[in-house]
Amino acid sequence: MAYKEKIDMSRLPVHIAVIMDGNGRWAQQRGYDRIVGHQNGVTSVRETTEAAAEIGIKYLTLYAFSTENWGRPKQEVDALMELLVDTIEKETPTLNKNNVRLRAIGDLSRLPEGAENKLRNCLKQTETNTGLNLVLALSYSARWEITAAAQAMCRDARDGRLNPDDITDRVVASYLDTRDMPDPDLLIRTSGEQRISNFLLWQLAYTELYFTETHWPDFRKENFYQAIYEYQQRERRFGK
Ligand code: FPP
């Protein structure tokens, strides 16, 4: 039986986060340049987004470009940026048609100006959609996010807008880029590595982690539904 039919639709995760790993290895194993792996990864992004929308997942967050990725060779960074922005632009009408709201977290000010403008334009075009929230983590790292939140809290305390004694975990969460999103219920990482790699460190505190050997360019709807099925076999206790 297909995994989709095995899923209990009354107990779906609300928020699924994905570390899309293995594009480079997928390409190298086939004798291609790494960028070919990223290009093929776009198909997996499309499949995963469709799979999430089909069953009514509310939030899908994809780790598309980390702060650390800026340190890759310039040729790869440029090609990846172009691919990201071109894909986002090209897919925006389809996102609109399917009521998907595109969102972004991360230090967007580090993107090349043209890319940032194009991205902001796409975010604006989908901002009233009420279906799936497709959240792209771009120029994102959790330590960057938490550091920025700490700076903003200190500024507010200095200027009398925040009393340090009133800071609770909810207040800290309200300073993060994910301030109006629920924490992920499930994190999927492809390609066999079992690490968090500076992704959503605060938000993943009680998230179920799912690792698969499949490289990202080979990841399809059935893989996504399998991850949800496996998640539903677990007991979540939130430390209780
Ligand atoms: C990790 O593989 C993947 C990335 C750094 C980029 C992911 C980007 C895409 C799939 C492009 C399209 C995305 C969107 C949202 C339109 P890696 O290069 O680290 O692989 P490796 O670990 O095998 O080297």
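Atoms within each ligand, like the ligands themselves, are counted from 1 in listed order. It should be emphasised that the depicted structure is a prediction, and the values quoted were computed from it without experimental measurement.
- Side-chain contact between Glu91 and Ile88: absent, with no pair of heavy atoms (C-beta onward) separated by less than 4.5 Å.
- Separation of atoms NZ (Lys58) and CG (Leu12) is listed at 12.0 Å; rounding is to 0.5 Å.
- Considering both main-chain and side-chain atoms, Leu136 never comes within under 3.5 Å of ligand 1 through any nitrogen or oxygen pair.
- Side-chain atoms of Asp21 do not come within 3.5 Å of backbone N or O of Ser191 as any donor-acceptor pair.
- Proximity to Leu84 (heavy-atom distance under 4.0 Å) selects the following atoms of ligand 1: 13 (C), 14 (C), 15 (C).
- Residue contacts with ligand 1: Glu76 is placed with no nitrogen or oxygen under 3.5 Å of a nitrogen or oxygen of the ligand (distance criterion only).
- Ligand-side atoms of ligand 1 in range of His38: 4 (C), 6 (C), 11 (C), 18 (O), range being under 4.0 angstrom from any heavy atom.
- When side chains are defined from C-beta on, Leu62 counts as touching Met20, because their heavy atoms get closer than 4.5 Å.
- Note that CD of Glu193 and CD1 of Ile19 are 10.5 Å apart. Values are rounded to the nearest 0.5 Å.
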Problem set entry | Stepwise side-chain hydrogen bond (donor to acceptor under 3.5 Å, both in side chains) test for Asp156 and Tyr175 | CA-CA 11 Å; Asp156 282 351; Tyr175 279 83; 2.7 Å; yes
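- Atom numbering of ligand 1 starts at 1 in the shown order; those under 4.0 Å from a heavy atom of Met20 are 1 (C), 2 (O), 3 (C), 7 (C).
- Under a 4.0 angstrom heavy-atom cut-off, Ile88 registers as lying outside contact with ligand 1.
- Per-residue contacts place Asp21 under 4.0 angstrom from the following atoms of ligand 1 (heavy atoms of the residue considered): 1 (C), 2 (O), 17 (P), 19 (O), 20 (O), 21 (P), 22 (O).
- Checking only distances, Arg25 does come within under 3.5 Å of ligand 1, N or O to N or O.
- At a 4.0 Å cut-off, not a single heavy atom of His215 sits close enough to ligand 1 to count as contact.
- Under a 3.5 Å cut-off, the side chain of Ser141 and the backbone N or O of Trp144 do form a donor-acceptor pair.
- Against a heavy-atom cut-off of under 4.0 Å, Trp216 is close to the following atoms of ligand 1: 10 (C).
- To the nearest 0.5 Å, the span separating OG1 on Thr207 from CD1 on Ile16 amounts to 11.0 Å.
- At least one cation-pi condition fails for Arg72 and Trp70: the charged atom is not both under 6.0 angstrom from the six-membered ring centre and inside a 45 degree cone around its axis.
- Atom numbering of ligand 1 starts at 1 in the shown order; those under 4.0 Å from a heavy atom of Arg34 are 17 (P), 18 (O), 24 (O).
- Under a 4.0 Å criterion applied to the non-hydrogen atoms of Arg72, ligand 1 contributes the atoms 17 (P), 18 (O), 19 (O).
- Where the criterion is an N or O separation shorter than 3.5 Å, residue side chain and backbone included, Thr87 fails it with respect to ligand 1.
- In terms of polar-atom proximity, defined here as any N/O pair under 3.5 Å, Asn69 makes no such contact with ligand 1.
- Rounded to the nearest 0.5 angstrom, Thr87 OG1 and His38 NE2 are separated by 12.0 Å.
- Any N or O atom pair closer than 3.5 Å counts here, and Val45 shares no such pair with ligand 1.
- The closest donor-acceptor contact from the side chain of Tyr59 to the backbone of Asp183 lies at 3.5 Å or more, if one exists at all.
- Of the candidates Ala64, Ala137, Gly41, Ala64 brings a heavy atom nearest to atom 8 (C) of ligand 1.
- Nearest residue to atom 9 (C) of ligand 1 from Asn23, Val85, Val42, Thr49 is Asn23 (criterion: closest heavy atom).
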